Colleague: 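Sharing a structure with you now.
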Amino acid sequence: MIILMNGPPGSGKDMAATYFKKDLPNAYEVKASQPLKKAFRALFQFGDIQARTMLNEQKDQELVALSNMTPRQVQIELSSFMKHHFGAEILGHILARTINQLPYNYFIVSDIGFQEETEALVKVFGNRIKCIQLSRPHCNFDNDSRGYIDCETLGIDLIKIHNEHDLEMYRRQLQRAWIKWNLPVRESAQKLG
């Protein structure tokens with residue numbers, strides 16, 4: 001099963017992925033943006049720690065090392081280049097190939113945000129794809145090239161969560177997904193409910 005996390009920056013996608021990895025046996029997190037992150041490191045020859053800091057804690061800061069662009073802007077430019085030359089669905093094709101090469105039962109894609117890349121995944125995995133769409137007060141796609149995907153058109157089972165409470169309540173909201181999808185969660189996760 002492939003579980004897509006779709007929502008604007010700051011809406012809780014990475015936290016949701018962390019909970020699913022902890023609660024679900026044989027689960028692995030993958031990112032559609034992984035090729036962009038690897039290209040970012042290679043292009044500027046940053047070390048792993050420096051690149052990780054830039055791509056996580058500093059992703060929306062204008063940095064001198066990037067000619068006053070943000071790491072997010074650089075990744076958007078790299079994505080635009082790839083899509084222009086290889087098709088709008090290229091990151092979805094790469095992601096599908098990555099998933100098919102890994103020995104896990106469950107994959108959490110914590111950064112899906114383009115219809116075309118999601119269509120590429122549906123062509124490969126069909127109804128094995130589920131989606132959690134997140135919203136949160138004051139979080140939007142204004143500084144991001146991604147957006148909400150149209151799950152209904154693609155036939156993807158969807159759960160919408162409005163993340164506006166504390167972490168405990170958020171985790172309980174996420175439990176709706178593993179209950180609805182009958183996921184074999186660890187015993188420690190079942191005790192939450």
Side-chain angles (χ1 to χ4, degrees), residues 2-22 27-99 101-102 107-121 131-149 161-167 170-171 174:
I2 294 96
I3 302 169
L4 308 177
M5 301 294 172
N6 180 219
S11 61
K13 298 182 300 292
D14 289 330
M15 183 58 69
T18 298
Y19 286 143
F20 271 86
K21 286 186 301 188
K22 182 178 180 185
Y28 185 76
E29 181 182 3
V30 291
K31 290 189 175 280
S33 63
Q34 192 60 37
L36 305 175
K37 295 179 185 319
K38 287 182 179 180
F40 177 87
R41 286 184 183 109
L43 184 64
F44 294 101
Q45 294 296 297
F46 291 132
D48 286 344
I49 293 172
Q50 185 180 16
R52 196 168 25 257
T53 300
M54 289 177 156
L55 292 168
N56 294 309
E57 291 89 40
Q58 299 175 325
K59 61 186 163 190
D60 292 312
Q61 294 178 22
E62 293 179 357
L63 302 174
V64 173
L66 304 176
S67 298
N68 294 321
M69 291 179 71
T70 69
R72 186 185 306 275
Q73 289 170 328
V74 171
Q75 289 181 91
I76 290 170
E77 291 295 324
L78 290 170
S79 174
S80 295
F81 174 84
M82 289 181 70
K83 291 175 180 183
H84 175 75
H85 290 282
F86 307 110
E89 68 287 343
I90 184 62
L91 292 175
H93 290 306
I94 294 169
L95 183 57
R97 204 167 42 249
T98 300
I99 289 171
Q101 293 172 355
L102 294 169
F107 294 89
I108 297 93
V109 182
S110 58
D111 65 346
I112 207 75
F114 294 100
Q115 195 74 13
E116 297 87 356
E117 67 191 18
T118 308
E119 288 171 4
L121 292 174
C131 183
I132 296 175
Q133 280 187 342
L134 298 166
S135 60
R136 189 174 186 184
H138 312 295
C139 293
N140 56 54
F141 291 104
D142 287 352
N143 295 319
D144 198 88
S145 59
R146 294 171 295 182
Y148 285 115
I149 55 176
I161 295 176
H162 187 66
N163 178 13
E164 62 179 338
H165 305 288
D166 60 24
L167 287 177
Y170 181 45
R171 190 166 187 184
L174 292 167

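Nothing here was measured: the structure is a model prediction, and the numbers come from that model.
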Colleague: Using a cut-off of 6.0 Å, state whether more than 12 heavy atoms not belonging to Asn143 lie near its atom CG.
Modeller: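 Check fails, neighbour count at 12 or below.
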Colleague: What heavy-atom pair brings Leu55 and Pro71 nearest, and what distance separates the two atoms?
Modeller: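 So the minimum-distance heavy-atom pair works out to CD2-CB, 4.3 Å.
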Colleague: Salt bridge or not for Asp144 and Arg72, using N-O below 4.0 Å?
Modeller: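 Judged by the 4.0 Å cut-off on N to carboxylate O distance, Asp144 and Arg72 do form a salt bridge.
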Colleague: Rounded to the nearest 0.5 Å, how far apart are CG of Asn140 and OG of Ser135?
Modeller: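 One gets 11.5 Å once the value is rounded to the nearest 0.5 Å.
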Colleague: How long is the span from the CG atom in Leu66 to the CD atom in Gln61, to the nearest 0.5 Å?
Modeller: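 If we round to the nearest 0.5 Å, Leu66:CG and Gln61:CD are 11.0 Å apart.
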Colleague: Report yes or no: does Ser79 contribute a side-chain atom to a donor-acceptor pair with the main-chain N or O of Gln75 at less than 3.5 Å?
Modeller: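 No, Ser79 side chain to Gln75 backbone: no donor-acceptor pair under 3.5 Å.
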Colleague: Are any side-chain N or O atoms of Arg171 and backbone N or O atoms of Tyr19, one a donor and one an acceptor, separated by less than 3.5 Å?
Modeller: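 The answer is no, because no donor-acceptor pair under 3.5 Å joins these two groups.
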Colleague: Check Glu29 against Lys21 and note the closest heavy-atom contact, atom names and distance.
Modeller: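 Heavy-atom minimum between the residues: OE1-NZ, 2.9 Å.
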Colleague: Let's go through Met15 and Leu167 carefully: what are the C-alpha distance in whole Å and the side-chain angles of both, what is the deciding distance for side-chain contact (heavy atoms from CB on, under 4.5 Å) to 0.1 Å, and is it a yes or a no?
Modeller: CA-CA 9 Å; Met15 183 58 69; Leu167 287 177; 4.1 Å; yes
Colleague: CZ of Arg146 to CD1 of Ile76: how many Å apart, nearest 0.5 Å?
Modeller: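 Answer rounded to 0.5 Å: 8.0 Å.
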Colleague: What's the shortest heavy-atom distance between Ser110 and Ala17, and which atoms?
Modeller: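 Looking at all heavy atoms of both residues, the closest pair is CB-CB, 3.8 Å.
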Colleague: Is the side chain of Tyr148 donor-acceptor paired with the backbone N or O of Leu134 at a distance under 3.5 Å, no angle test?
Modeller: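 Checking the backbone N and O of Leu134 against the side chain of Tyr148, a donor-acceptor pair under 3.5 Å is found.
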Colleague: Please lay out, stage by stage, how His85 and Ile90 fare under the test side-chain contact (heavy atoms from CB on, under 4.5 Å).
Modeller: CA-CA 9 Å; His85 290 282; Ile90 184 62; over 6 Å; no
Colleague: So do the side chains of Met54 and Leu63 get within less than 4.5 Å of each other, counting heavy atoms only?
Modeller: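 In short, these two side chains touch, coming nearer than 4.5 Å.
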Colleague: Keeping Asn68 on the side-chain end and Glu62 on the backbone end, is there a donor-acceptor pair under 3.5 Å?
Modeller: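 Side chain of Asn68 to backbone of Glu62: no pair is present.
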Colleague: Only one of Leu102, Ile108, Asp111 passes side chain to side chain contact (heavy atoms under 4.5 Å, CB included) with Val30; say which it is.
Modeller: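 Considering Leu102, Ile108, Asp111, a side chain to side chain contact (heavy atoms under 4.5 Å, CB included) with Val30 is found only for Leu102.
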Colleague: Would you confirm whether Tyr170, through its side chain, and Gly12, through its main-chain N or O, come within 3.5 Å as a donor-acceptor pair?
Modeller: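 Yes, the answer is positive, given that a donor and an acceptor are paired below the 3.5 Å cut-off.
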Colleague: CG/Leu91 to OG1/Thr98 distance, rounded to the nearest 0.5 angstrom?
Modeller: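 Between atom CG of Leu91 and atom OG1 of Thr98 there are 10.0 Å.
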Colleague: In chain order, what residues pass the side chain to side chain contact (heavy atoms under 4.5 Å, CB included) check against Ala88, with sequence neighbours excluded?
Modeller: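 Partners of Ala88 under the side chain to side chain contact (heavy atoms under 4.5 Å, CB included) test: Glu116.
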Colleague: What are the two closest non-hydrogen atoms of Ser11 and Pro8, and how far apart are they?
Modeller: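 For Ser11 versus Pro8, the nearest heavy atoms are OG-O, 2.7 Å.
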Colleague: What distance do Leu121 atom CG and Ile2 atom CD1 have between them, rounded to the nearest 0.5 Å?
Modeller: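 Those atoms lie 7.0 Å apart.
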Colleague: What are the two closest heavy atoms between Pro9 and Phe141, and how far apart are they?
Modeller: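 Reported closest heavy-atom pair: CD-CD2, 4.3 Å.
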Colleague: Do any N or O atoms from the side chain of Gln133 and from the backbone of Ile149 form a donor-acceptor pair under 3.5 angstrom?
Modeller: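 Confirmed, Gln133 side chain pairs with Ile149 backbone.
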Colleague: I need the Asn163 CG to Ile161 CD1 distance, nearest 0.5 Å.
Modeller: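 Result: 8.0 Å between the selected atoms.
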Colleague: Angle between ring planes, Phe44 versus Phe46, binned at 30° and 60°: parallel, tilted or perpendicular?
Modeller: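 Parallel: the ring planes of Phe44 and Phe46 meet at under 30°.
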Colleague: Under 4.0 Å between a Lys/Arg side-chain N and an Asp/Glu carboxylate O for Asp14 and Lys31?
Modeller: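 The answer is yes: the pair qualifies as a salt bridge.
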Colleague: Do Ile94 and Met82 have side chains that approach each other closer than 4.5 Å (heavy atoms only, starting at C-beta)?
Modeller: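 The answer is yes, as the side chains (C-beta and beyond) meet within the 4.5 Å cut-off.
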Colleague: Is Asn6 reaching over with its side chain to a backbone N or O of Ile112, donor-acceptor style, under 3.5 angstrom?
Modeller: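 Side chain of Asn6 to backbone of Ile112, a donor-acceptor pair under 3.5 Å: yes, one is there.
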Colleague: Side chains of Thr70 and Lys59: is there a donor and an acceptor less than 3.5 Å apart?
Modeller: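 Judged by distance alone, the side chains do not pair up.
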Colleague: How would you list all residue pairs meeting salt bridge (charged side-chain N to carboxylate O under 4.0 Å, His left out) that involve residues 42-58, not counting sequence neighbours?
Modeller: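 Sorted pair list comes back empty.
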Colleague: Could you give me the CA-CA distance, side-chain angles and deciding distance for Phe114 and Lys83, then say whether side-chain contact (heavy atoms from CB on, under 4.5 Å) is met?
Modeller: CA-CA 11 Å; Phe114 294 100; Lys83 291 175 180 183; 3.4 Å; yes
Colleague: Are any side-chain N or O atoms of Lys13 and backbone N or O atoms of Gly7, one a donor and one an acceptor, separated by less than 3.5 Å?
Modeller: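 Yes.
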